[in-house]
Amino acid sequence: MTSAAPQPVVHSDSGFMARACAARLVTAVADAQSARGTATVVLTGGRNGNALLAALADTPARDTVDWSRLDLWWGDERFLPGGDPERNQSQAREALLDAVALDPARVHPMPASDGPYGPDADAAAAAYAAELAAAAPPDHPGVPRFDVVLLGVGPDTHVASLFPGHPAAAETGRTVVGVHNAPKPPPTRISLTFRAIRAAREVWLLAAGEDKAEAAAAALSDAAGTDIPATRARGTERTLLLLDEAAASRL
Ligand SMILES: O=C(O)[C@H](O)[C@@H](O)[C@H](O)[C@H](O)COP(=O)(O)O
């Protein structure tokens, strides 16, 4: 299965990028729902991921989405107690999710550190992998066919919680892993692996700001090593590199 090379899309500034990406996501979800009756999106944490969700909450076009027929997953999660404001789920709920009529049964947050698996991030990751597998179609075992996987890109080219040189970035068997000693706080996280990410029809890489310029340029290369995780985040049909002008300055 070939994975599409990234297509850069440059926006004048981060605010316009958030609004444009929100409109792009509304269209992608509406297209998936009209084609297949449902849509499956993987959310990301970080400033750009949350800015996209907040922009989506503000656009009247959000009402073209049938929120009850949307399956939401997370690409990664900070392994913190439920409700902790630093959790990606908490920030996504504040930005958008609490304002739209989602079907709670179709929203799949990653476990919290005070949840059923306690402080065991690896057990929590295994449980999320089982949840993904249970939602996967028979002809695509292990992982649902995500329509869009959103991924913020770190200045070190990490995506989700797959950091350069870390074992999780090299994982090829499991779909979800616990991440320990992450360089970006908090140190303990849960993350989809590239096996799961690359099941997506489309992967959208998000980067804004001068501090992402080198990472954005690196993300376009086909080096595909674990030392440049963003190069491995590819969709089966399309990969977008969504940037503002500052992040695009080294392309
Ligand atoms: O848990 C997290 O922090 C995110 O999932 C992480 O992967 C984030 O998307 C990147 O670090 C980019 O973050 P910014 O968009 O804030 O730069």
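First listed ligand is number 1; within each ligand, the first listed atom is number 1.
At a 4.0 Å heavy-atom cut-off, ligand 1 touches Arg189 through the side chain alone.
Taking 4.0 Å as the cut-off, His158 counts as a neighbour of ligand 1 on heavy-atom distance. Residue Ala160 places a heavy atom under 4.0 Å from ligand 1. For the ligand labelled ligand 1, residue Asp211 lies outside the 4.0 Å heavy-atom shell.
For atom 17 (O) of ligand 1, the nearest non-hydrogen atom of the protein is Lys212 NZ, 2.5 Å. The single protein non-hydrogen atom nearest to atom 12 (C) of ligand 1 is Val153 O, 3.8 Å, given as residue, atom name and distance. In this structure, atom 16 (O) of ligand 1 lies nearest to the protein heavy atom Arg47 N, 2.7 Å.
Near Lys184, the atoms of ligand 1 lying under 4.0 angstrom from a non-hydrogen atom of the residue are 2 (C), 3 (O), 6 (C), 8 (C), 10 (C), 11 (O), 13 (O). Listed by atom number, the atoms of ligand 1 under 4.0 Å from Asp76 heavy atoms are 1 (O), 2 (C), 4 (C), 5 (O), 7 (O). Heavy-atom contacts of Arg78 reach the following atoms of ligand 1: 1 (O), 2 (C), 3 (O) (cutoff under 4.0 Å). Near Thr44, the atoms of ligand 1 lying under 4.0 angstrom from a non-hydrogen atom of the residue are 5 (O), 9 (O). Shown in contact with Asn88 at under 4.0 Å from a heavy atom are these atoms of ligand 1, numbered in order with element: 1 (O), 5 (O).
Under the 4.5 Å side-chain heavy-atom criterion for Ile, Leu, Val, Met, Phe, Trp and Tyr, Val179 and Val153 are members of distinct hydrophobic clusters. Under the 4.5 Å side-chain contact rule for hydrophobic residues, Ile228 and Leu151 do not share a cluster.
Note: no N/O pair closer than 3.5 Å links Ser161 and ligand 1 by distance alone.
No side-chain N or O of Thr236 forms a donor-acceptor pair with one of Arg145 less than 3.5 Å apart. In summary, the side chains of His180 and Asp122 do present a donor paired with an acceptor at a separation below 3.5 Å, with no hydrogens or angles considered. Between Ser161 and Asp76, the side chains place a donor N or O and an acceptor N or O closer than 3.5 Å (distance only, hydrogens not considered).
In this comparison of Gly46, Ala247, Gly45, the heavy atom closest to atom 9 (O) of ligand 1 sits on Gly45.
Ring planes of His108 and Trp73: parallel class, angle under 30° (limits at 30 and 60°).
Arg69 has a carboxylate O that lies under 4.0 Å from a charged side-chain N of Asp66, or vice versa, which qualifies the two as a salt bridge.
Rounded to the nearest 0.5 Å, atoms OG1 (Thr239) and CZ (Arg198) are 8.5 Å apart.
Within a 6.0 Å sphere centred on CD of Glu131, heavy atoms belonging to other residues, nucleotides or ligands number more than 12.
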